[in-house]
Amino acid sequence: MQTTVVEHPLAAVRLTQMRDERTSNAGFRAALSDLTRILVYEALRDAPIADEPITTPVTATVGARLADPPLLVPVLRAGLGMVDQAHAMVPETLVGFVGIARDETTHQPVPYLESLPDDLSQTSVFVLDPMLATGGSMLYTIELLVARNVRDVTAICVVAAPEGVEALAGSGYPVRLVTATVDAGLNDDAYIVPGLGDAGDRQFGPR
Ligand SMILES: O=P(O)(O)OC[C@H]1O[C@H](OP(=O)(O)OP(=O)(O)O)[C@H](O)[C@@H]1O
Ligand SMILES: O=c1cc[nH]c(=O)[nH]1
Ligand SMILES: [Mg+2]
């Protein structure tokens, strides 16, 4: 599986703000917003473009447009903190939604919302979720997309655990990963170490 770890000073600074337990909910959301722009920018680096004929104030010329804007799919709750910025980067695209709450005893994904187009056979999808821990929630989401014949999936995360990366790589699905870091591993509660805690709680409060 293609895995891109975005290494940029601004990404490292925003990630540090997100990791720091002293960062307020508002500060965490702001850092996640900034980091999302950087991650989406990198995820689109090799995106195909098509000619866009335009006229400048001086002359006619040919510019560019995204040939194939990816559908954005935030995984609620934590992915909600990424969707506005991702949509600002690709304003012409559409947005689907998936809601999953991990069972904190079994660590299995418990889905509660699914709002997606029926046919994704002509579509690339960017799944937005800051945390890839066991990989269960991301794999569940990808399975929803594969059932709709998705062409390919880019998982855009902030913090990934090696266990989650391996789960995606071993799935055989057409997926690549863009993340700001691959951390050391998971603790006994399946939280990423060093991680940043619960990305949903840190934005919106406990559920
Ligand atoms: O890789 P996994 O082991 O499945 O864990 C990752 C999932 O856990 C978090 O969501 P959570 O279940 O805490 O829901 P929330 O966003 O509502 O807080 C996170 O945003 C991922 O969706
Ligand atoms: O570390 C983790 C693991 C799962 N979900 C989170 O929000 N954080
Ligand atoms: Mg959570």
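If you read the sequence from its start, that first residue is 1, and numbering goes on from there. Because the structure is predicted, anything quoted here is derived from the model rather than measured.
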Charged N to carboxylate O under 4.0 angstrom, Glu114 versus Arg148? yes
Are Asp198 and Arg102 ion-paired here, with the side-chain N under 4.0 Å from a carboxylate O? no
Please check this pair: side chain of [X] against backbone of [Y], looking for a donor-acceptor N/O pair closer than 3.5 Å.
X      : Y      : result
Arg176 : Ala43  : yes
Asp183 : Gly185 : no
Thr93  : Val90  : no
Arg19  : Gly195 : yes
Arg14  : Ala31  : no
Thr4   : Val6   : no
Thr179 : Val5   : no

Please find the pair of heavy atoms, one from [X] and one from [Y], that lie closest to each other, and give the distance.
X      : Y      : result
Gly96  : Leu116 : CA-CD2, 4.2 Å
Ala88  : Arg37  : CB-NH2, 3.5 Å
Gly200 : Ala78  : N-CB, 3.8 Å
Ile49  : Ala64  : CD1-CB, 3.8 Å
Cys157 : Leu177 : SG-CD1, 3.9 Å
Gly136 : Pro109 : O-CG, 3.6 Å

Side-chain contact, heavy-atom cut-off 4.5 Å: [X] with [Y]?
X      : Y      : answer
Leu66  : Asp68  : no
Leu196 : Met131 : yes
Glu104 : Asp189 : no
Thr56  : Thr61  : yes
Leu168 : Met1   : yes
Leu80  : Phe204 : yes

When you group the ILVMFWY residues by side-chain heavy-atom contacts below 4.5 Å and let the links chain together, are [Y] and [X] in the same group?
X      : Y      : answer
Ile156 : Met89  : yes
Val146 : Leu128 : no
Met82  : Tyr41  : yes
Met138 : Ile192 : no
Leu44  : Val95  : yes

Evaluate the side-chain contact (heavy atoms from CB on, under 4.5 Å) criterion for residues Thr141 and Ile100: first the C-alpha distance (whole Å), next the side-chain angles of each, then the deciding distance (0.1 Å), finally the verdict. CA-CA 9 Å; Thr141 303; Ile100 302 173; 3.4 Å; yes
Interatomic spacing from CG in Leu15 to CG in Leu10 - rounded to 0.5 Å: 12.5 Å
At what distance, to the nearest 0.5 angstrom, does CG of Leu39 lie from CZ of Phe126? 10.5 Å
Could you walk me through whether Asn25 and Gln203 pass side-chain contact (heavy atoms from CB on, under 4.5 Å), step by step? CA-CA 5 Å; Asn25 294 162; Gln203 292 178 73; over 6 Å; no
Is it the case that more than 12 heavy atoms not belonging to Asp103 sit under 6.0 Å from its CG atom? yes
Other residues, nucleotides and ligands only: do more than 12 of their heavy atoms fall within 6.0 Å of CD on Glu92? yes
Pair Arg77-Asp201, salt bridge (charged side-chain N to carboxylate O under 4.0 Å, His left out): steps then yes or no: CA-CA 9 Å; Arg77 290 175 306 166; Asp201 291 3; 2.7 Å; yes
For the residue pair Arg151 and Ser124, confirm or rule out a side-chain donor-acceptor distance under 3.5 Å. yes
Would Leu71 and Leu120 count as a side-chain contact (heavy atoms from CB on, under 4.5 Å) if you check the C-alpha gap in whole Å, the side-chain angles of each, and the deciding distance to 0.1 Å? CA-CA 9 Å; Leu71 177 76; Leu120 297 173; 3.8 Å; yes
Under the side-chain contact (heavy atoms from CB on, under 4.5 Å) rule, what do Met18 and Leu35 come out as? Steps first, then yes or no, please. CA-CA 10 Å; Met18 292 178 68; Leu35 194 42; 3.9 Å; yes
Sole candidate of Leu145, Leu72, Leu144 that passes side chain to side chain contact (heavy atoms under 4.5 Å, CB included) when paired with Val127: Leu145
